[in-house]
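Below, chains carry the letters A, B, ... as their sequence lines are ordered, and counting in each starts from 1. Quantities reported herein were computed from a predicted structural model and do not represent experimental measurements.
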Amino acid sequence: MKPGQHLPPPPLTYRVKQAIMCPILKALGLCCRSAFNLCSEKMDRELTKRESLRLRVHLSMCGLCSSLPAQFEGMRKLIKTTCEHEHEGDCCSESLSEEAKERIARHLKSRSKE
Amino acid sequence: MQHADALYRFALSRVKDHHTAEDLVQDCLSAAWQRLESFDGRSSLSTWLIGIMKFKVIDHFRKSKRTPTDQAVHAADEDDAGQDPVDSLFTSKGAWKVDPSHGLEMLASTPDDSAHRNELMAWVRACMDKLPERLRTLFTLREVDGLDVPSAASAAGVTAGSAAVLLTRSRQRLRLCLQENGIQP
């Protein structure tokens, strides 16, 4: 099954609007896919004035894409929180083996004698 | 050794290899022992140790004989038989084929109850583990450790130019994975 295949389609109003406007928007670099990519790239670099303007114009007129910046920010926050909690005992059961602990303790002891 | 397990879990979450994670714990504790006088007690000991471990993990990636290459863009996608999974979300004219907000309500607010939060985090971890290794490394160094793009690219063994494409691709894949799991807040 292709990724995203079981996700629901966008609302009918969007599809009708896109059927009419899509070729023009694509030619202007204002299609939803471009906006999607720009929203992601904005998290790694400063967009050029032209890109920034294109994105602002698109987000202001596309109801479906207007929540993308908040979604990307929310995802960044969620992933950071998840990874920062990864070493806390309540989220995973992995622990260092007794053998490894002994080996590390021996190593530290030998270093402290040096 | 009371912090060793936490350090081990942290290292394992990044390098996905038990032996390497054990070696990193040893290196980290050894470095901490040498720099003990620099610990001023402003943060907790565990926070200080995790800070050292982050540097050890980054060093590990830098030393892993990764040669920066543009081919990494393709190598990172090997498991997709050449197709970007995000292609299936858009029409050829660049319009959405699917509702882009469906299943992503959890990004608007963090669930209050711990069971729900743990479930959400488990899904995030599962989605991150689905990323090809090089994408996951690059993405974690950038998004979690906060390295700038050139530094993250260098440590992950990709060129800075490729990194921009790969980071976008990682975000798209993660977003799609979370969306497909559709966890509600």
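Side-chain atoms of B:Leu89 and A:Arg33, non-hydrogen and from C-beta on, never get closer than 4.5 Å to each other. By the 4.5 Å heavy-atom criterion applied to side chains, B:Val98 and A:Pro8 are not counted as neighbours. Counting only heavy atoms from C-beta outward, the side chains of B:Leu176 and A:Leu7 approach each other to under 4.5 Å.
Residues B:Leu178 and B:Leu135 share a hydrophobic cluster, clusters being chains of Ile/Leu/Val/Met/Phe/Trp/Tyr side chains in contact below 4.5 Å. Under a hydrophobic-cluster definition in which Ile, Leu, Val, Met, Phe, Trp and Tyr are linked whenever side-chain heavy atoms come within less than 4.5 Å, directly or via other members, B:Val165 and A:Leu38 are assigned to different clusters. Residues A:Leu59 and B:Leu104 fall into different hydrophobic clusters, defined by Ile, Leu, Val, Met, Phe, Trp and Tyr side chains chained together at heavy-atom separations under 4.5 Å. There is a path of hydrophobic side-chain contacts, each under 4.5 Å, that joins B:Leu45 to B:Leu24. Cluster membership for B:Leu166 and A:Met75, using ILVMFWY side-chain heavy atoms within less than 4.5 angstrom, is shared.
For a residue to count as touching a neighbouring chain, one of its non-hydrogen atoms must lie under 4.5 Å from one of that chain's; by this rule B:Val149 touches chain A with the side chain only. Looking at B:Trp96, the atoms closer than 4.5 Å to chain A (heavy atoms on both sides) sit in the backbone and in the side chain alike. With a 4.5 angstrom heavy-atom cutoff, B:Ser170 does not touch chain A via any of its atoms. If you measure heavy-atom distances from B:Asp148 to chain A, you find no contacts under 4.5 Å at all. With a threshold of 4.5 angstrom between heavy atoms, B:Met128 approaches chain A through side-chain atoms but not through N, CA, C or O. A:Gln71 touches chain B through backbone and side chain together, each having a heavy atom under 4.5 Å away.
Here OH of B:Tyr8 is found 7.0 Å from OG of A:Ser97. Values are rounded to the nearest 0.5 Å. Atom CG in B:Leu29 sits 6.5 Å away from atom CD1 in A:Ile104 (nearest 0.5 Å). From B:Arg142, atom CZ reaches atom CE of A:Met43 across 8.5 Å, with rounding to the nearest 0.5 Å. Between A:Leu68 atom CG and B:Arg175 atom CZ the span is 5.5 Å, to the nearest 0.5 Å. Considering CZ of A:Phe72 and CG of B:Leu174, their distance stands at 10.5 Å, rounded to 0.5 Å. In this structure, CG on B:Asp23 lies 10.0 Å from NE2 on A:His107, to the nearest 0.5 angstrom.
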### Query
Run the side chain to side chain contact (heavy atoms under 4.5 Å, CB included) check on B:Val25 and A:Arg103 step by step: do they pass?
CA-CA 11 Å; B:Val25 174; A:Arg103 183 165 47 81; over 6 Å; no

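Ranked by heavy-atom pairs shorter than 4.5 Å toward chain B, the options A:Arg76, A:Gln18, A:Arg15 are led by A:Arg76.
Around atom CZ of B:Phe39, more than 12 heavy atoms belonging to other residues, nucleotides or ligands sit under 6.0 Å away. Taking a 6.0 Å sphere around NZ of A:Lys80, one finds it holds more than 12 heavy atoms contributed by other residues, nucleotides or ligands.
Closest approach of B:Ser101 to A:Leu64, counting heavy atoms only: OG-O, 4.5 Å.
If you run side chain to side chain contact (heavy atoms under 4.5 Å, CB included) between B:Arg171 and each of A:Asp44, A:Ile79, A:Asn37, only A:Asp44 comes through.
A:Ser40 and B:Gln172 share no donor-acceptor pair across their side chains, judged by distance under 3.5 Å alone.
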